[in-house]
Amino acid sequence: MAKKKSSGAASAAALLADMEQTSTAQQHGTTVMAAAAAQADTGKDIPVISTNRATAMRKAMEYLNDGAGQSVRHRKSIFGTLGEQRKQHIPLPNIALQYLMGMYGIVYPGMMELIGDADTGKSTIAIELAGSAMLHLKAEVLLINCENKEVSQDRALRALHRNPEVAQKLINRVGIVKAFTLPQFEDVLRDWVLTMREVQKLPLSIPLFVIVDPWSALMTKEEAIGEFQYLARKEPGEKMRPTGEGTNLGHSQWAHKKGRKLPAFLDINNVFVVLVNHQTVDIDMSGNASYAPKYVKDANNANAIGGKAWKQRALLTIVLAVRGHALDADKKPIGKRIIAKVHKNSYGPSYRTIMYDHLVVHDERDKDNYLDPALHFESGFCQMLAEKKVAGIRVNNDVYSIDFEDLKFGALSAADLFRFVQEHPPLRAHVAKVLNIAGYEDILKQLDRNAAAIANIDAPRFPEAETPKPKSKKASSKKAKAKK
């Protein structure tokens, strides 16, 4: 490509057409976390440092793992160092979500929580993440539908993939089951996971991906008595409770107890769970008036049914809030404009925010072999890049220009610029570095390369446990002569 600067869109369109053939959104191998995900469960023994101490530790662990003197068999334990730890990741489908979460992919096994009001795209984001897990990791997916509302197939297809043929194959792999009570949800999750692992013999290297949508709609056991035949297991003297009677802490108490059990179950079976939760009203009893816009208050409100139980266990907690309407070129509403804010992030920065459009009208946007996605991140993300002046990106009246290495174009739409960032490896790597997105450069590998220059890096961890080397006869004879 010539480096001559061009203001026309024709050459930019030609470049985009070339990049379309090899979309690096799924194929480029420049990221480290994608490679780490492919190297899960290598089965190699973690090296030990001190032979004497390691032998004693190994014998003790073999005794415990064999269940000697124990009524419950323990899971085998593996000891290593924190520096040897490598997490597995579900690659995120686009760089806007990577910026929001601060990393190339979501760490699994584990759990994340999506909180928001109605029509904020919670389910759509969950399905989009599931599609990425199926594409990159061959994950098996289960959608636990917790309310009597059918999932929109059109919206699910648009979330899974832009190619309609690929999207149809993916949607046919998504299992779906209904659950209406907390005990039923617990049974469904356990039964499906154990069926996949023990009956279907699915290898542990392949993750299981579960969407619970929405967890807040599940009834407690007390609420379900007499209302739902699944729980027709009444104790003697137990009576049906009128609606509204009883404690309002049933979900919270159950979630805190389940939250202590769930991490071990997810870890042992390599499961990732997305909990979709409805937002509850944040009541301010201080008496101080707030003049912030409603969407700002909603984005800062992480309250949901279940209290803080899931926030304590989740790797990620993201709150979604409606900012306004998404408009077409004729200023007609075609969806909602959403603000997404991270409230907890165990592996990246918290309180990052992005804006996206959740579209429900796709007239004239679909093309041959192309489905217009349900979620559009390009406008909000490109606006942020222009504000931060990343890669020479400028904007004027929603028209963008870029001046980065061999990319020197003007008169670009937000959609075209977003595709450049997505599918041009050097530009994408530069944007990821400036925005501090983990996973494009592996700090630990860089340290490994520089280890030889660090003094005493290979010194024994436990010198008191090392076996002393025998003294040579020459050294002892010299010392004896010196004493004489």
Side-chain angles (χ1 to χ4, degrees), residues 20-21 23-27 90-98 100 105-106 112 114 116 118-178 192 206-214 272-276 318 320 326 328 333-338 340 356-381 415 418-419 422-423:
E20 181 72 16
Q21 298 177 1
S23 173
T24 55
Q26 297 177 9
Q27 299 178 15
I90 300 171
L92 289 163
N94 63 67
I95 196 168
L97 285 176
Q98 290 174 354
L100 175 67
I106 303 176
M112 71 175 290
L114 292 172
D119 204 17
T120 52
K122 302 184 296 295
S123 305
T124 308
I125 286 184
I127 294 174
E128 189 161 324
L129 297 177
S132 184
M134 286 189 285
L135 277 172
H136 293 275
L137 305 174
K138 299 181 180 180
E140 293 293 330
V141 177
L142 177 67
L143 172 59
I144 303 178
N145 188 355
C146 303
E147 57 186 358
N148 194 21
K149 183 174 66 175
E150 296 299 327
V151 178
S152 170
Q153 289 191 0
D154 178 74
R155 193 174 298 176
L157 287 168
R158 296 178 186 278
L160 287 170
H161 204 275
R162 295 187 180 186
N163 185 310
E165 184 178 354
V166 176
Q168 188 62 52
K169 290 181 179 180
L170 292 177
I171 201 173
N172 289 337
R173 288 181 52 191
V174 178
I176 187 168
V177 65
K178 291 185 178 181
W192 182 74
I206 298 178
L208 301 178
F209 194 103
V210 180
I211 301 172
V212 186
D213 186 15
F272 187 82
V273 174
V274 178
L275 281 178
V276 176
I318 300 177
L320 312 177
D328 63 7
I334 56 175
K336 296 288 182 67
R337 180 149 290 183
I338 308 298
Y356 64 90
D357 292 335
H358 182 214
L359 302 187
V360 294
V361 178
H362 302 272
D363 296 342
E364 299 180 358
R365 291 174 176 266
D366 291 340
K367 300 177 183 178
D368 293 338
N369 296 322
Y370 177 83
L371 280 176
D372 185 53
L375 304 179
H376 283 257
F377 297 90
E378 53 266 23
S379 179
F381 186 73
F418 191 70
R419 286 180 58 195
Q422 279 278 102
E423 301 174 11

So how far is it from [X] [atom1] to [Y] [atom2], rounded to the nearest 0.5 Å?
| X | Y | atom1 | atom2 | value |
| --- | --- | --- | --- | --- |
| D363 | I334 | CG | CD1 | 9.0 Å |
| L160 | L371 | CG | CG | 10.0 Å |
| H358 | T124 | NE2 | OG1 | 3.5 Å |
| L137 | S132 | CG | OG | 7.5 Å |
| L375 | I338 | CG | CD1 | 9.0 Å |
| R337 | L359 | CZ | CG | 9.5 Å |

Can you name the side-chain hydrogen bond (donor to acceptor under 3.5 Å, both in side chains) partners of [X], sequence neighbours left out?
| X | value |
| --- | --- |
| D372 | H362, H376 |
| Q153 | none |
| R155 | none |
| S123 | D213 |

- Query: Does N163 reach the main-chain N or O of E165 with its side chain, forming a donor-acceptor pair under 3.5 Å?
  - Reply: yes
- Please check if the side chain of Q422 supplies one atom and the backbone of I95 the other of a donor-acceptor pair under 3.5 Å. yes
- Query: Just wondering, do F272 and L129 contact through their side chains at under 4.5 Å, heavy atoms?
  - Reply: no
- Query: Should V361 and D328 count as side-chain neighbours, where that means a heavy-atom distance under 4.5 Å?
  - Reply: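 No - every pair of side-chain heavy atoms lies 4.5 Å or more apart.
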Sequence neighbours left out, what passes salt bridge (Lys or Arg N to Asp or Glu O under 4.0 Å) with [X]? Give chain and number order.
| X | value |
| --- | --- |
| K149 | E147 |
| E364 | none |
| D119 | K336 |

- Query: Would you call D366 and R158 a salt bridge, using N to O less than 4.0 angstrom?
  - Reply: yes
Got a list of side-chain donor-acceptor pairs under 3.5 Å for residues 169-176, not counting sequence neighbours?
{"unit_1": "N172", "atom_1": "OD1", "unit_2": "Q168", "atom_2": "NE2", "d": "3.3"}
{"unit_1": "N172", "atom_1": "ND2", "unit_2": "Q168", "atom_2": "O", "d": "3.1"}
{"unit_1": "R173", "atom_1": "NH2", "unit_2": "A139", "atom_2": "O", "d": "2.9"}

- Output, in order, the C-alpha distance, side-chain angles, deciding distance and verdict of side chain to side chain contact (heavy atoms under 4.5 Å, CB included) for N94 and F381. CA-CA 11 Å; N94 63 67; F381 186 73; over 6 Å; no
Contacts of type side chain to side chain contact (heavy atoms under 4.5 Å, CB included), residue [X], not counting sequence neighbours:
| X | value |
| --- | --- |
| P333 | H325, L327 |
| A340 | L100, I318, L320, I354, Y356 |
| R162 | Y370, P373 |

- Item | Step-by-step side chain to side chain contact (heavy atoms under 4.5 Å, CB included) determination, L208 to W192 | CA-CA 10 Å; L208 301 178; W192 182 74; 3.8 Å; yes
- Message: If I compare all heavy atoms of A130 with all of I211, which pair ends up nearest, and what's the gap?
- Response: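 Minimum heavy-atom separation between A130 and I211: CB-CD1, 4.1 Å.
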- Item | Worked check of side chain to side chain contact (heavy atoms under 4.5 Å, CB included) between V212 and C146 | CA-CA 7 Å; V212 186; C146 303; 3.7 Å; yes
